[in-house]
Amino acid sequence: MEVKHIVKSVVADSIAEEMEIEPGDEVVSVNDTKIEDIFDYQYLTEDTHIVVLIRKPNGEEWELEIDKDEDEDLGIEFENGLMDNYRSCHNKCIFCFIDQMPKGMRETLYFKDDDSRLSFLQGNYVTLTNMSDHDVDRIIKYHLGPINVSFQTTNPELRCKMLNNRFAGEALKKVDRLCEAGITMNGQIVLCKGVNDGPELERSISDLTKYIPYLESVSVVPVGLSKHRDGLYPLEPFTKEDAKEVLKVIHSWQDKIYKEHHTHFIHAGDEFYFLAEEPLPDADNYDGYIQYENGVGMVRSFIDEFEEEIEERTPDSTIKREVSIAGGMIMDKVKKELIEKLHEYYPNVIIHNYAIRNDFFGERITVTGLLTGQDIIAQLKGQPLGEKLYLPANLLRAQSDLLLDDMTLADISDALQVEVDIVESDGHDFVYKLIEG
Ligand code: SF4
């Protein structure tokens, strides 16, 4: 179904405002060309002289000739940011986390997107299974990038099995086209024990190195297993020994690749280091934290920021306060060590540190971003919380104060009778908030 491009708002002092374009107007075409989505719109409006056809809500059409600087934005925001319908995925991956969510959550949380345009706009990872040749042509024509690809494996048969899609192996050929056209990409492998690890992981890494430098990095993260897996493919959690084995493979490839390409390229998610109980690599190993959003290097970066912040400070015993902080089990050991160090500097600041067990999704889920308000409330009720409870920012859904179960910070504050504040995923803010508030 064709999507109408309706103006939601117009930026103050912009070209659109000057042209009297208003919310509710429809942008019909640019330079006589129909707009498929935001990519077309951005491309077509780049020129210095453009003709925009606007349809007013009363049906009147205005043809606007606009002279502007190259790349100058018209200042229009659309009701649908993508300017097209969102594409959902055509797969049924054996590791899909959405299939492992309990019923009754907010409907939008169940939407399975697999849209290459969102990869470019928001950094989402796509499987390439519903990317048409026309899409590839447009990515190449507009030279978009980086495109984030969920590989899982480079073995075509295994990929079909993991994604439950008979076209999933074939889809990998699009990477060759993107690479030949010089499109930058990043990759991800969700590692499933006994499925795509061991020799299959070695094969994937070896195959993917041929795309360097266009494929800039690949992360390997362990599959998330919630307790809601009835009727799903039987997947086992990684043990400490498994995690050590995974790290051994990745480290040996890093050494090899670094010698040849001066990049580490393949990165293990932070969770593997915790599982293996091995020290985190130094910052240099993360290639500028290129896979940060995938949980690769987040903890190293946090610790280094903390160290930087504390080194700037002088011990001070005059600051007196009592506060609390809560988060996922995964960060507990690291946080304890950092809080001990803080205590050496600020002996009269009492910090209660709580690691919240994930009862909602099950204990195997240890990351902070998947905690719910109900678990936080249940486990902190009756505990000493001091004058303020700090919660990590990544608990919240994007641009909202909602947690996964739709609870708000105000709900938590009411239930626990304590002021609640957010601490950013940043070691500097951690020190600042806990000490100065
Ligand atoms: S691509 Fe796979 S993991 Fe992603 S939403 Fe679809 S089924 Fe789930």
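Sequence positions, counted from 1, serve as the residue numbers for this chain. Both ligands and their constituent atoms are indexed starting at 1 by order of listing.
Contact check on Lys4 versus Glu79 returns no salt bridge, with no Lys/Arg side-chain nitrogen under 4.0 Å from an Asp/Glu carboxylate oxygen.
Of all the heavy atoms of Thr127, the ones lying under 4.0 Å from any atom of ligand 1 belong exclusively to the side chain.
Note: Tyr289 and Tyr286 have parallel aromatic rings, judged against thresholds of 30 and 60 degrees for the angle between ring planes. Between His267 and His264, the ring planes lie tilted relative to each other; the angle falls in the 30° to 60° range.
Nearest to atom 7 (S) of ligand 1 by heavy atom, out of Ala168, Cys93, Ser88, is Cys93.
In this structure, Asn130 contributes its side chain and Ser88 its backbone to a donor-acceptor pair below 3.5 Å.
Listed by atom number, the atoms of ligand 1 under 4.0 Å from Asn91 heavy atoms are 1 (S), 7 (S).
Closest to atom 6 (Fe) of ligand 1 among all protein heavy atoms lies Cys89 SG, 2.3 Å. Nearest to atom 5 (S) of ligand 1 among the protein's heavy atoms is Lys112 CB, 3.5 Å.
Within 6.0 Å of CD on Glu236 lie no more than 12 heavy atoms contributed by other residues, nucleotides or ligands.
Coordination check, Cys96 versus atom 6 (Fe) of ligand 1: failed, since every N/O/S atom of the residue sits at 2.8 Å or beyond.
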